[in-house]
Amino acid sequence: MKDMLDLLQEFAEFGYVLHECPICGEECEPTEIDNDKAYCPVCDEVVNVERVL
């Protein structure tokens, strides 16, 4: 699981973050750093993720 520092570094490098799905563990679609929801294509649903900011 990524911690907050990993997420901030990923955003600084790529301009977006990929969250791990809390259901299946796969990476979800890129999300804005101030959003606490992400779409998981594996589960085919919107999941709650850790908000970066």
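Here the structure is a predicted model, which is why all the values come from computation and not from measurement. The figures that follow rest on heavy atoms only: side chains count, while hydrogens, waters and symmetry mates do not. Heads up: numbering here begins at 1 and tracks the sequence.
- Counting heavy atoms from C-beta outward, Leu18 and Cys28 have side chains that stay 4.5 Å or more apart.
- Follow the hydrophobic side-chain contacts under 4.5 Å out from Val46 and you never reach Ile23; the two are in separate clusters.
- Leu7 and Val17 get closest at one heavy-atom pair: O-CG1, 3.2 Å.
- Looking at Val49 and Glu20, their side chains never come closer than 4.5 Å, going by heavy atoms from C-beta outward.
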side-chain contact (heavy atoms from CB on, under 4.5 Å) between Lys37 and Asn48, worked out: CA-CA 5 Å; Lys37 304 226 182 283; Asn48 289 325; 2.5 Å; yes
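- For the pair Asp44/Tyr39, a side-chain contact is recorded, criterion being any heavy-atom separation below 4.5 Å from C-beta on.
- Interatomic distance, Cys40 SG to Glu45 CD, rounded to the nearest 0.5 Å: 7.5 Å.
- The two atoms that bring Val42 and Glu26 nearest to each other are CG2-CG, 3.7 Å, heavy atoms only.
- Minimum heavy-atom separation, Glu29 to Pro41: OE2-CG, 3.6 Å.
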